[in-house]
Amino acid sequence: MNTQTPGLFRARRTRTLLLITALTWLPGCKESDKGKDDAGPGGPGETDTTRADLLKATGVCVEKTARQFLEASTALTGAVSRYAGQPDTATREEARAAFHAAMDVWQVAEVMQVGPAAPRSAAGGAELRDNIYSWPLVSRCAVEEQVVSKSYETAGFPTSLVSRRGLYALEYLLFHEGEETVCQPTSPIVAQGTWAALSSEERASRKRAYALAVARDVNQRATLLVKAWAADQDNFANTLATAGSGNTVFPTNQAALNSLSDAMFYFEKEGKDLKLARPLGMRECSTDTCPEHLESQFAGRSKANLRANVRGFRLLAQGCGENYAGTGFDDVLVAAGAEALAQRLVERIVAAEAAFGTIEEEDLKQALAQDKPSVRALHDAFKGVTDVLKTELVTVLDLELPQSVEGDND
């Protein structure tokens, strides 16, 4: 193995911990190797080529996933439309099944917030993700207030706050059957008694109409996401693949690689910390567990969401083809002379997948109550992946840590 990896000694985050971690797995590395430019077994050219291959492969993967979600969201809109037009048990269950199918795809895409899906502050960002699914920026009360105001019928609904739209709102509208509201007494629908004044039938009718408006809005965003990536339309896939001189979004391929890395840190912040650590009572929780922090409060699919997140992460880390064939971050690591690290990254992702097998309960809510250690084991498996991601991988590939995880030693 060639040990002269430039990223090892030029990492932007020059923390002693990162350097020590990287040096422990890289045998034969000497002080005299610092500053050398040979990037891997085939020299800098091989590493640059592999990075370019990764950028191209990622664009193909993101577009493929976006198209899959568009297909699923189109089917979802049709199912919700049938439910709104002829509400009965059969059409309701069809709409719920279509929601699950769409969310299965979207949770894969959650780890692919590159370019148009990313926040506007990111390179090429257009905030399409937040307009499709804004969790954890969600508000059940905001949704319930719209049930009363019927703002979903107005022309301004597509530009309303994201907490009133998207897949979170749709989950509540399709799955929650309770009559109560969580809004506080200061909310107009409580203070003025307008929520309580609605009959059960009227409230249910409005929820169905609201659900259809939301499903149509999500479908339109899904169409925009495909348009943003498609070669015959806005072609952001080409923008990513041609990173370098003359590219106004990614002036270097390193900038593009950082954008991919930032997306993968969803696994750390949203996955490990928000979806697992908080419900487990490990942070922002004053009791033994906090199931109210679970992601899917109404459809009971918090475990399914996390499983899909692992798949999305693995597609980028290992390859987007069948059985994860193709170019992934592991290939870039191998080209940089870090084959052992590439192997360890894949092994830890596989271990995270396997950890779901120890959770026998249908969802994490039941598992937290009946077998909390199995959920803690899943958290620890996620941490095994993120420990590699935010120390060795970013160091070897000379990547920057996202601001969201800087200073986070967990």
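Side chains included, hydrogens not; waters and symmetry mates left out as well; all remaining heavy atoms used. Computed from a prediction, not measured in an experiment: that's the story for all the values here.
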Should we count CD of Glu93 as having more than 12 external heavy atoms under 6.0 Å? yes
When you compare the side chain of Leu167 with that of Trp135, does any pair of heavy atoms fall below 4.5 Å? no
Determine whether a donor-acceptor pair (N or O, by modelled atom type, separation under 3.5 Å) exists between the side chain of Arg348 and the backbone of Gly384. yes
Any salt bridge (charged side-chain N to carboxylate O under 4.0 Å, His left out) pairs touching residues 98-118, not counting sequence neighbours? Asp104-Arg301, Glu110-Arg129
Side chains of Asn131 and Leu224, heavy atoms from C-beta outward: is any pair under 4.5 Å? no
Would you confirm whether the ring centroid of Tyr172 sits within less than 6.0 angstrom of the ring centroid of Phe298? yes
For residues 367-380, which residue pairs pass the side-chain hydrogen bond (donor to acceptor under 3.5 Å, both in side chains) check, not counting sequence neighbours? Asp288-Lys372, Asp371-Ser374, Arg376-Asp380
Between CZ of Arg221 and CZ of Phe69, what distance do you get to the nearest 0.5 Å? 12.0 Å
Measure the spacing between CG of Leu393 and CG of Leu399 and express it to the nearest 0.5 Å. 6.5 Å
Tell me whether Thr65 contacts the main-chain N or O of Cys61 through its side chain, where contact means a donor paired with an acceptor under 3.5 Å. yes
What's the verdict on side-chain contact (heavy atoms from CB on, under 4.5 Å) for Trp195 and Val190, showing C-alpha distance, side-chain angles and the deciding distance? CA-CA 6 Å; Trp195 176 269; Val190 178; 5.7 Å; no
Would a 4.5 Å heavy-atom cut-off, applied to side chains only, mark Ser151 and Gln146 as touching? yes
Can you spot which of Lys207, Arg206, Arg164 makes a side chain to side chain contact (heavy atoms under 4.5 Å, CB included) with Tyr152? Arg206
Would a distance-only check, ignoring hydrogens and angles, find a side-chain to backbone donor-acceptor pair under 3.5 Å from Thr386 to Lys383? yes
Summary of disulfide bond (SG atoms under 2.5 Å apart) pairs that have at least one residue in residues 94-144, sequence neighbours excluded: Cys141-Cys183
Polar side-chain atom of Thr74 near backbone of Leu70 as donor-acceptor pair, under 3.5 Å: yes
Would you say Ser134's side chain and Val138's backbone share a donor-acceptor pair under 3.5 angstrom? no
Verify whether one side chain among Thr91 and Asp88 offers a donor that lies under 3.5 Å from an acceptor in the other. yes
Contact summary for Leu76 and Ala102, nearest pair of heavy atoms: CD2-CB, 4.0 Å
Do Glu268 and Asp273 touch side chain to side chain, with heavy atoms closer than 4.5 Å? yes
Quick one: sort the Phe267 and Phe382 rings into parallel, tilted or perpendicular, breaks at 30° and 60°. parallel
Distance from Tyr210 atom OH to Ser149 atom OG, nearest 0.5 Å? 7.5 Å
Lys272 side, atom NZ; Asn309 side, atom CG - distance, nearest 0.5 Å: 14.0 Å
With a 4.0 Å cut-off, would you call Glu177 and Arg96 a salt bridge? yes
Minimum heavy-atom separation for Val249 and Gly124, please, with both atom names. CG1-N, 3.7 Å
Residue pair Asp53, Thr50: steps toward the side chain to side chain donor-acceptor pair (under 3.5 Å) verdict: CA-CA 5 Å; Asp53 291 342; Thr50 306; 5.0 Å; no
Nearest 0.5 Å, what's the CG-CG distance between Leu240 and Leu260? 5.5 Å
In terms of heavy-atom contacts, Ala211 and Leu170 come closest through O-CD1, 3.4 Å
Going by side chain to side chain contact (heavy atoms under 4.5 Å, CB included), Leu368 matches just one of Asp363, Leu280, Ile359. Which one? Leu280
Donor-acceptor side-chain pairing of Arg51 and Gln254 below 3.5 angstrom: yes
Interatomic spacing from CD in Glu270 to CD in Gln113 - rounded to 0.5 Å: 7.0 Å
Could you go through the side-chain contact (heavy atoms from CB on, under 4.5 Å) check for Leu341 and Asp330 one step at a time? CA-CA 8 Å; Leu341 176 57; Asp330 61 335; over 6 Å; no
Judged by atom type as modelled, is there a donor-acceptor pair below 3.5 Å linking the side chain of Ser259 to the main-chain atoms of Val114? no
Below 4.5 Å, heavy atoms only, C-beta onward: do Leu257 and Phe329 meet side chain to side chain? yes
Under the side chain to side chain contact (heavy atoms under 4.5 Å, CB included) test against Arg314, which residue among Val385, Ile349, Leu345 passes? Ile349
Quick check: closest heavy atoms across Ala255 and Pro251, and the distance to 0.1 Å? CB-CD, 4.4 Å
Trace of the side-chain contact (heavy atoms from CB on, under 4.5 Å) decision for Val218 with Tyr133: CA-CA 9 Å; Val218 167; Tyr133 186 56; over 6 Å; no
Backbone of Glu202 reached by a side-chain donor or acceptor of Ser205 within 3.5 Å: no
Quick check: do Tyr83 and Leu174 have side-chain heavy atoms less than 4.5 Å from each other? yes
What are the two closest heavy atoms between Pro136 and Leu274, and how far apart are they? CG-CD1, 3.8 Å
Atom CD of Glu71 with >12 non-hydrogen neighbours under 6.0 angstrom: no
Show your reasoning for whether side chain to side chain donor-acceptor pair (under 3.5 Å) applies to Ser302 and Glu295. CA-CA 6 Å; Ser302 295; Glu295 178 183 15; 5.5 Å; no
If we ignore angles and hydrogens, is there a donor and acceptor under 3.5 Å between the side chains of Arg311 and Tyr324? yes
Is there a donor-acceptor pair closer than 3.5 Å between any side-chain N or O of Asp331 and the backbone N or O of Gly328? yes
Side-chain (Asn305) to main-chain (Gln107) donor-acceptor, under 3.5 angstrom: no
Shortest non-hydrogen pair, Ala243 vs Asn253, comes out as CB-CA, 3.8 Å
Find out whether Ile189 and Glu144 are in side-chain contact, i.e. whether some heavy atom of one side chain is under 4.5 Å from a heavy atom of the other. yes
Is Val148 close to Leu198 at the side-chain level, that is, under 4.5 Å between some pair of heavy atoms? yes
With a 6.0 Å cut-off (strictly less than), is the heavy-atom count around CD of Gln184, excluding the residue itself, greater than 12? no
Walk me through whether Asn235 and Thr239 qualify under side-chain contact (heavy atoms from CB on, under 4.5 Å). CA-CA 7 Å; Asn235 204 5; Thr239 300; over 6 Å; no
For Cys285, is there any backbone N or O sitting under 3.5 Å from a side-chain donor or acceptor partner on His293? no
Are Glu180 and Arg140 ion-paired here, with the side-chain N under 4.0 Å from a carboxylate O? yes
